[in-house]
Amino acid sequence: MTPDRSTTGMRLVGGMQANAREGDISFHAGLFGRLTNEVKATGNPARYVGYESSLGGEDHLRFFGIEVNEIEGVIPAGMVAWDLCDGTWTVSEPKGGRNVVTWREDITWKWLDRPKPGHGGMTGEFTARVPERWGSGKISGWRDFRVSANAYVRPKAAGCEDDVHLVDYDSSWPDQFDEIARRLRAILGGDLTLRVEHYGSTAIPGMPAKPVIDVLVEIPSFEEARKRAIPRLNLKSWEYWWYSHHMIFIRRREFMGRRTHHIHMAPRGHEIWSGLAFRDYLRTHPGEALRYAELKRELASRYREDREGYTIAKGAFVHEVTSKALRLP
């Protein structure tokens, strides 16, 4: 009988990039289709898992893969396999028509969660040495690896419902925020959810928006939040991503259904908190709010199937208004 990988370790097949720059999402975008179409023996649902580690300076080592029970056949070209067990990290690569172990190292788990069967896969963060060839210069000592992605997917299925679709303002949005805020405090605890704010377009009365409630949570530290929040939200209807220098959890109505909530987490003083200044300015300046609503409708039509492009295109307006708001006495 094949052992349950969720309790004995993580076996992942995916892409690895050294000398990566934090925040570059093109690496992940190029792997989604390959992981579900070329990697065999994934579970149903399968799980995307990502890790990142600083190699010094601006260089990062990035891995993004899909969890498998066993590796069938040769690892796809340009990919690697990571096998993470209690105390060992093994990296294999395809060479000469077979899979060859190219790195094996002891690891120390900074934190590790082994859920009960049926409650999501094992997850955790670890420390290990990496070979010098993975960096641009000499690397010595051990490196910390943090979780950068934890999301479930149904292989070969159609994608999630992620088109840009605006709706008119819904007066129930504040109540929806209150409900998720109470739930987060109950699941994560008051000492982790130090402050919970409703922000984004659904927090601005009269503003058309994607029907997704944006929530901003003040946390004591990223390290503590990852250790506690990722295991507790390790569910099929939730996704975790390290994006734009902070933590984001995406909640969907059901597995691979439409998004209902974006939970952003960052400590006090992080740049994302300037979003509250943007929210408050548009709440009290109807002319600027109208200008933003018109821009959003135009961009939603242009970028209907490109959420990232839609967000980037709004950037100049958001920066302009936020700058005005932060200069106010």
Quiz question: by atom type and distance under 3.5 Å, do the side chains of [X] and [Y] form a donor-acceptor pair?
| X | Y | answer |
| --- | --- | --- |
| Thr127 | Asp144 | yes |
| His198 | Asp214 | no |
| His246 | His270 | no |

Checklist line | Minimum side-chain heavy-atom gap Arg226-Met247 below 4.5 Å | finding: yes

Checklist line | Pairwise side-chain contact, Arg11 with Asn69, heavy-atom cut-off 4.5 Å (strictly under) | finding: no

Looking at [Y], is its backbone amide N or carbonyl O close enough to the side chain of [X] to form a donor-acceptor pair, meaning the two atoms are under 3.5 Å apart?
| X | Y | answer |
| --- | --- | --- |
| Glu52 | Arg146 | no |
| Asn234 | Gly121 | yes |
| Arg143 | Ser54 | yes |
| Thr284 | Asp280 | yes |
| His285 | Tyr281 | yes |
| Arg259 | Arg252 | no |
| Asp163 | Arg307 | no |
| Arg195 | Ile219 | no |
| Ser274 | Glu271 | yes |
| Asn99 | Ile75 | yes |

Are [X] and [Y] close enough that their ring centres sit under 6.0 Å apart?
| X | Y | answer |
| --- | --- | --- |
| Trp111 | Phe126 | no |
| Trp238 | Tyr152 | no |
| Tyr51 | Phe64 | no |

Margin query: To check you understand the geometry: which heavy-atom pair defines the closest contact between Ala209 and Lys296, and what is its length?
Written below: CA-NZ, 4.1 Å

Please indicate whether [X] has more than 12 foreign heavy atoms, meaning atoms of other residues, nucleotides or ligands, lying under 6.0 Å from its [atom1].
| X | atom1 | answer |
| --- | --- | --- |
| Lys227 | NZ | no |
| Arg253 | CZ | no |
| Lys236 | NZ | no |

Margin query: Taking Lys324 first and then Glu288, would you say they form a salt bridge - that is, a charged N and a carboxylate O separated by under 4.0 Å?
Written below: yes

Report, one line per pair, each donor and acceptor closer than 3.5 Å where one atom sits in a side chain of residues 173-191; sequence neighbours left out.
unit_1: Gln176; atom_1: NE2; unit_2: Ser172; atom_2: OG; d: 2.9
unit_1: Asp191; atom_1: OD1; unit_2: Arg228; atom_2: NH2; d: 3.0
unit_1: Asp191; atom_1: OD2; unit_2: Arg228; atom_2: NH1; d: 3.3

Next item on the list: Check salt bridge (charged side-chain N to carboxylate O under 4.0 Å, His left out) between Glu218 and all other residues, then give those that pass, not counting sequence neighbours.
Entry: Arg268

Item checked: Any residue meeting salt bridge (charged side-chain N to carboxylate O under 4.0 Å, His left out) with Arg302, in chain and number order, not counting sequence neighbours -> Glu298

When rounded to the nearest 0.5 angstrom, what is the spacing between [atom1] in [X] and [atom2] in [Y]?
| X | Y | atom1 | atom2 | value |
| --- | --- | --- | --- | --- |
| Leu166 | Arg297 | CG | CZ | 7.5 Å |
| Tyr48 | Leu12 | OH | CG | 13.0 Å |
| Glu38 | Ile66 | CD | CD1 | 11.5 Å |

Item checked: ring pair (Phe, Tyr, Trp, His ring centres under 6.0 Å) contacts touching residues 290-310 (sequence neighbours left out) -> Phe278-Tyr292, Tyr292-Phe317

Notebook entry, point to check: Using a side-chain heavy atom cutoff under 4.5 Å and only I, L, V, M, F, W and Y, what cluster partners does Tyr199 have?
Noted result: Leu216, Ile272, Trp273, Leu276

Item checked: Hydrophobic cluster (4.5 angstrom, side-chain heavy atoms) - remaining members for Ile312 -> none

Check: Do the ring planes of Trp89 and Phe145 sit parallel (below 30°), tilted (30 to 60°) or perpendicular (above 60°)?
Finding: perpendicular

